[in-house]
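Just so it is clear: chains get the letters A, B, ... in the order the sequence lines come, proteins before strands, and each one is counted from 1. Computed from a prediction, not measured in an experiment: that's the story for all the values here.
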Amino acid sequence: MAKSVLTSQASDFPRWYQDIVAKAELADNGPVRGTMVIRPYGYAIWEMMQAEIDVRIKAAGVSNAYFPLLIPESYLRREAEHVEGFSPELAVVTYGGGKQLEEPVVVRPTSETIINSYFAKWIQSYRDLPLLINQWANVVRWELRPRLFLRTTEFLWQEGHTAHASATEARDFALTILSDVYQDVMENVLAIPVLRGRKTDNERFAGATTTWTCEAMMRDSKALQMGTSHELGQNFARAFDITYLDESGTQSFVWQTSWGVSTRLMGALVMVHGDDNGLRLPPRLAPVQVVVILARADDGAAEAAVTLAAELRSSGLRVDLDTRTDTSFGRRVVDWELKGVPLRVEVGPRDLAEGVVVLARRDTGTKTSVPLPGVVAEVTTALDAVHGALFDEAAELQRSRTVKVDSLEDAEKAAASGFAVIPMSVVGADGETTLNRAGISVRCIQSADGGLPGAGDDETSDSSLVAVVGRAY
RNA sequence: CGGGGAGUAGCGCAGUCCGGCAGCGCACCUGCUUUGGGAGCAGGAGGUCGCGGGUUCAAAUCCCGCCUCCCCGACCA
């Protein structure tokens, strides 16, 4: 019988997470504290995410570009709230070319300042709007308590930056990204159900007027912020003098947005779907969707496995063929399970004699015998089923661990094992601080039906708003 | 920065109290037998015991100083 490879989730969730990241070969710690080496298998998953996100960003009309890693320190200071928010985590370069720099440069913690300084150059007329730019980049935010993927000093992400002619258009665009790019990818690619909502002023991005967020529940019932989309108002437009002539010939400041998702999504993937046997990858994201594993090489089984793998590949699936019969079958199965490959097709002489192979699902562990001619069809169907099952399981966890409460005391109790939904009127002016002191935060503000608050709705104008609160990463 | 721990093989640890050949598990290499849920046996390689000093015939172990890392509290995608 298989003994356990990993620390169990129940005994020590953080340890289990570290075990998975190491044993599924996703990442290693870098030599500098807080830095991360993303290993080939982990990077392959990230590349799948990138591709899915990128295609949606482009579908929203956005173009990719690239801005420098190093930013003049003075740029950061131009927007008061922005510099205040980021100062504590800046890495500053003071030496270059062997001598002290006249003006220190910072390693970008985010690129609002440098990108907007160019927006100011590029935008002259209403004909230049909207300007929709995205970049894929690394950023550095010095972290006190790093955790691979979840909170690292350097991480990879995309950051979108846009300029619009009106506040309404900017808001609509920020929400389009939140829903049509982020929520869509998270739910339909990562198979992770998310809550959408607005951040409190306390949790708002430094320099934004409004921050929208996608939040998800991890298997230990803690929340993870998966992605954010900000309305920047005219804060940066004023700081960087981004103006244009409108149709009537008057100079106006642009209205802006920025939005990003990062390699933190990798951490979410692990913590939402992983189980005690390892990773469980949603099929649309899995670098290997099906592994054809040769149990024994006798009686033509090896040839049958090669043929089957080729057949699956030619139907457009990402397939790996495991014929390492110098390693025991059990060992190889455990390895593929650790790596989260959604489906396994086990090929061996005993089954072949009866014209079948075994199809094993990673998510449920169920095995079925499938006649050889039907394998491709069965695999295709099963992959969709795995995606649905993973999503449903995560949604059910979130549903069963979310409770409605009417007092801060009950919210605190509920947050010990999940999310609490509490009226904003009960949270009031001081409630957030009270909760924070208990290690709980307001993850997002929603309308009473779980939807997004409308334009201009705040706690005073709309008394039906609710807060989703919980412990968070 | 406040509170608590730990530095010994690639990883995880024992040994330290009471000084006496530097060990165990996993991983790695070679060979043989295995191979349908982490195989077995035999052989092998791998060490600045965090760093510096001191005590001693002898220091991973005792003494002094320093460094680093991890965990828990205030910030963050």
Side-chain angles (χ1 to χ4, degrees), chain A residues 1-7 12 14-15 18-19 22-23 28-29 31-34 84-90 108-110 137-147 149-160 182 199 202-206 208 211-216 223-230 258-268 277-278 293-299 301-302 305 322-338 344-353 356-358 360 365 367 369 433 436-439 441 472-473:
Chain A
M1 244 350 245
K3 55 186 175 191
S4 77
V5 187
L6 302 164
T7 306
D12 187 345
R15 181 74 178 272
Q18 287 183 337
D19 282 0
K23 294 193 171 164
D28 265 346
N29 281 303
V32 173
R33 179 177 156 76
E84 190 189 336
F86 281 103
S87 286
E89 26 186 11
L90 287 184
R108 62 179 164 223
T110 178
N138 57 339
V139 287
V140 168
R141 298 178 187 178
W142 218 260
E143 287 292 347
L144 303 174
R145 295 185 50 199
R147 289 244 269 154
F149 291 118
L150 298 174
R151 193 191 298 115
T152 48
T153 286
E154 179 190 7
F155 57 89
L156 307 183
W157 76 344
Q158 59 69 216
E159 49 177 323
Y182 294 163
K199 283 294 189 185
N202 204 22
E203 307 247 339
R204 188 163 36 80
F205 175 75
T211 289
W212 301 95
T213 182
C214 289
E215 302 277 329
L224 183 73
Q225 179 173 305
M226 304 258 301
T228 46
S229 185
H230 317 290
S258 71
W259 26 276
V261 292
S262 72
T263 36
R264 171 177 273 189
L265 291 178
M266 294 285 294
N277 293 320
I293 180 166
L294 180 61
R296 304 176 57 107
D298 315 344
D299 302 331
D322 182 354
T323 57
R324 299 170 297 166
T325 44
D326 54 342
T327 302
S328 78
F329 177 74
R331 174 53 178 258
R332 290 181 289 142
V333 166
V334 167
D335 281 347
W336 291 114
E337 285 181 343
L338 260 173
R344 217 166 52 239
V345 176
E346 302 176 356
V347 178
R350 287 210 298 264
D351 291 331
L352 283 176
V356 300
V357 293
V358 170
K367 294 183 179 186
S369 281
T433 316
N436 288 353
R437 271 199 276 270
S441 55
Y473 279 94

Subject >> Annotated protein contacts, base or backbone, on nucleotides 70-77 of chain B with a non-hydrogen cut-off under 4.0 Å, one of B, S, - each >> reply: S-SSB-BB
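Inter-residue side-chain proximity for A:Ile293 and A:Phe329 is flagged as met; some heavy-atom pair is nearer than 4.5 Å. A 4.5 Å side-chain heavy-atom check between A:Leu338 and A:Leu6 finds at least one atom pair inside the cut-off. Residues A:Thr325 and A:Arg296 form no side-chain contact, since every pair of their non-hydrogen atoms from C-beta on lies 4.5 Å or further apart. Residues A:Glu159 and A:Val139 have side chains in contact (heavy-atom distance under 4.5 Å, counting atoms from C-beta outward).
A distance of about 15 Å separates the P atoms of B:rC24 and B:rG46, rounded to the whole Å. B:rA9 and B:rU56 are spaced 30 Å apart, taking the P atom of each and rounding to whole Å. Of the P atoms belonging to B:rC51 and B:rG10, the separation is 14 Å, rounded to the nearest Å. Taking atom C1' in both B:rC11 and B:rG47, one finds a spacing of 15 Å when rounded to whole Å. Nucleotides B:rU8 and B:rG25 have their C1' atoms positioned 15 Å apart, rounded to a whole Å. Separating the C1' atom of B:rU48 from that of B:rG7 is a span of 14 Å, rounded to the nearest Å. Rounded to whole Å, the separation between the C1' atoms of B:rG20 and B:rA60 comes to 13 Å. When the P atom is used for both B:rC49 and B:rU61, the distance is 10 Å, rounded to whole Å.
For A:Asp335 and B:rG38, the CG to C1' distance is 8 Å, given to the nearest whole Å. When rounded to the nearest whole Å, the span between CG of A:Leu6 and C1' of B:rC11 equals 14 Å. In this structure, A:Arg350 atom CZ and B:rG36 atom P are separated by 9 Å, rounded to whole Å. Following rounding to the nearest Å, A:Asp19 (CG) and B:rG12 (P) show an atom-to-atom distance of 11 Å. Atom-to-atom, CG of A:Asp322 to P of B:rG36 comes out at 13 Å; the value is rounded to the nearest Å. We find that CG of A:Asp28 is positioned 14 Å from C1' of B:rA27, with the value rounded to whole Å. Spacing between atom CG of A:Asp326 and atom P of B:rG31 amounts to 12 Å, rounded to whole angstrom units. Here the P atom of nucleotide B:rG36 and the CG atom of A:Leu294 are 12 Å apart, to the nearest Å.
Both distances falling under 3.5 Å, in either a Watson-Crick or a G-U wobble arrangement, place B:rG73 opposite B:rC1. Here B:rC28 sits opposite B:rG44 as a Watson-Crick or G-U wobble pair (both hydrogen-bonding atom distances under 3.5 Å). Using the Watson-Crick or G-U wobble rule with both distances under 3.5 Å, B:rC21 pairs with nothing in any strand shown. In this structure, B:rU16 makes no Watson-Crick or G-U wobble pair, since no nucleotide meets both defining distances under 3.5 angstrom. Nucleotide B:rC51 forms a pair with B:rG65, judged by Watson-Crick or G-U wobble geometry with both contacts under 3.5 Å. If you check B:rA58 for Watson-Crick or wobble pairing at under 3.5 angstrom, you find it has no partner at all.
Within 4.0 Å (heavy atoms only), A:Lys23 reaches no atom of the nucleic acid at all. A:Thr110 comes within 4.0 angstrom of no nucleic acid atom, judged by non-hydrogen atoms across all strands.
Scanning for side chain to side chain donor-acceptor pair (under 3.5 Å) contacts around A:Arg332 gives A:Asp322, with sequence neighbours left out. Remark: A:Ser258 engages A:Glu112 in a side chain to side chain donor-acceptor pair (under 3.5 Å) (not counting sequence neighbours). In this structure, A:Asp28 has no salt bridge (Lys or Arg N to Asp or Glu O under 4.0 Å) partners at least two apart in sequence or on a different chain. Applying the salt bridge (Lys or Arg N to Asp or Glu O under 4.0 Å) test to A:Lys367 and every residue at least two apart in sequence or in another chain returns A:Glu346. For A:Asp335, the side chain to side chain donor-acceptor pair (under 3.5 Å) criterion is met by no residue, not counting sequence neighbours.
Here A:Ser328 does not reach the OP1 or OP2 of B:rU35: none of its side-chain N or O atoms lies under 4.0 Å away.
Contact annotation: side chain of A:Lys367 to base of B:rG37, donor-acceptor pair present below 3.5 Å. If you check distances only, the side chain of A:Arg344 does reach the base of B:rG37 with a donor-acceptor pair under 3.5 Å.
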